[in-house]
Amino acid sequence: MRILTINDFDTKGKTVFLRVDMNCPIDPVTMEIIETSRIRESTESLKDLEGAKVVIGSHQGRVGNKDYTGMEKHAKVLEQILGRKIKYIEDVIGSEAQREIKNMKDGDIILLDNLRLCAEENYEFSSSDASKTIMVQRLSKLFDICVLDSFPSSHRSHPSIIGFAHVLPSCAGKLVEREVRKLDEIMTVAKGPHVVVLGGSKVVDRLEAIKELIQNGRADQVLLTGVIANVFLRAQGRIKFPLGIKREEEVVSKAHALIGEYPDVFSVPVDIAVERNGKREEMDVREISKGEQIFDLGPKSVDYYLKSIQSAGTVFMSGPAGFFENENFKFGTESLLRGVANSFATTIVSGGHLTAALKRYGLAEKINHISTAGGALVLYLTGVKLPMIQALEEAATRYRSK
Ligand code: 3PG
């Protein structure tokens, strides 16, 4: 590997910054964490960091979004998983955080608050500029080593992801190491046709990545589900009313341009399911009424999508096809996952929701690679070098040339 791993360092007695991604789905009403697999994954590197003083940093949600919250609940889940006490600090770069880090003893673990509380963590930088942010300047003095293990956010050029790595000896954590090895292995044998089943709610990010995927030969067919499918349906005029999503006109016009440029690549649902009087009701997509929410794919769409999946050489599925947590609307997500699991293709499934769904349906063993990463994985598959991986490669070159 071109990047260093934890085994390249003697971390005993050292103060280590461990950047993980504990960004979990949060219930918008109770603000409780709904699904914890990313927190569990975040503990993988800790076994190899025994005897070090470990300062964990993560973000949760985006400023202004409903899932933006502090890390207190994550600390509790982390303690349950590890079966030991960790120290949660309601601070990121202030004097409290600095004092607590300085007072750590070997074997201590601290969890900092949401890194996005620090304004700088919400902006993209070059690695040299990221290293000049106040976050990196203040905290890097207290750390000996930086371990980057937040694969799901490896596509972000934020200070905690690329800034510390510019000034500290840095390596990949266990999760990043495993993802990079496995994905490199898969991508060297991946064969066409490449079928991408794309859902999820981060529409702006997905639209940017789709074009790259198509242009780089990684998406011969794109089967759309979820909010992004609705955007394309609006662009085609099959849904005639606004969807009420962020930057709607901009994304609809981008979708329109993509359909024009690649008319044979995209498939959208022909039938869907909504909730009427507490029950599932299926209909042609043009029959949906204003204000109704699409909760699932209908059977015709699922059949059509399954045919494509069966003839694929490689399938990449990201984002659930509906509100699968509700029994009435799990049909699309479960059927497509079963189709992917039973296909002869090389299969990659991505995102926290689908990871949970695969476990729920007992299908995880049948998938070649499962990743809790969403947008980062989509970008990785386009062939674009992710900022975190770039930062790790540069850090390895610097370290080896010393
Ligand atoms: C994700 O869930 O995709 C990562 O945690 C990155 O989150 P972001 O899209 O808010 O940067």
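Positions are given from 1, in the same order as the sequence printed here. The figures here come from the full heavy-atom set of this structure, side chains too, leaving out hydrogens, waters and symmetry mates.
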(Q) Tell me which one of F331, F329, F324 satisfies ring-ring contact (aromatic ring centres under 6.0 Å, His included) with F295. (A)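 Among the candidates, only F329 passes.
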
Could you tell me if [Y] and [X] have a donor-acceptor pair between their side chains, going purely by distance under 3.5 Å?
{"X": "D184", "Y": "Y380", "value": "yes"}
{"X": "S37", "Y": "E35", "value": "yes"}
{"X": "S308", "Y": "Q221", "value": "yes"}
{"X": "D21", "Y": "S58", "value": "no"}
{"X": "Q60", "Y": "N114", "value": "no"}
{"X": "T347", "Y": "N368", "value": "yes"}
{"X": "T382", "Y": "E212", "value": "no"}
{"X": "K359", "Y": "T355", "value": "no"}
{"X": "K87", "Y": "N103", "value": "no"}
{"X": "E179", "Y": "H369", "value": "yes"}

Q: Kindly determine whether Q236 and I259 satisfy side chain to side chain contact (heavy atoms under 4.5 Å, CB included), including the steps that lead there.
A: CA-CA 8 Å; Q236 288 178 332; I259 301 168; 3.7 Å; yes

Charged N to carboxylate O below 4.0 Å: is that the case for [X] and [Y]?
{"X": "K202", "Y": "E208", "answer": "no"}
{"X": "E327", "Y": "K330", "answer": "yes"}
{"X": "K12", "Y": "E50", "answer": "no"}
{"X": "R19", "Y": "E121", "answer": "yes"}
{"X": "R276", "Y": "E292", "answer": "yes"}
{"X": "D205", "Y": "R62", "answer": "yes"}

What's the spacing between [X] [atom1] and [Y] [atom2] if we round to 0.5 Å?
{"X": "M31", "Y": "D27", "atom1": "CE", "atom2": "CG", "value": "9.0 Å"}
{"X": "T314", "Y": "I186", "atom1": "OG1", "atom2": "CD1", "value": "9.0 Å"}
{"X": "F17", "Y": "L168", "atom1": "CZ", "atom2": "CG", "value": "9.5 Å"}

Q. Does R138 offer a backbone N or O that forms a donor-acceptor pair with the side chain of Q98 under 3.5 Å?
A.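 No.
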
Q.
Strictly distance-based, threshold 3.5 Å: is any side-chain N or O of D284 a donor or acceptor partner for the main-chain N or O of R286?
A.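 Yes, D284 side chain to R286 backbone: donor-acceptor pair under 3.5 Å.
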
Q: Let me know which of M283, Q293, R280 forms a side-chain contact (heavy atoms from CB on, under 4.5 Å) with V274.
A: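 Among the candidates, only M283 passes.
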
Q: Take Y399 and F9, measure what ring pair (Phe, Tyr, Trp, His ring centres under 6.0 Å) needs, and give me the verdict at the end.
A: CA-CA 11 Å; Y399 186 77; F9 293 96; 4.9 Å; yes

Q. Between L297 and D271, is any pair of side-chain heavy atoms under 4.5 Å apart?
A.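 No - every pair of side-chain heavy atoms lies 4.5 Å or more apart.
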
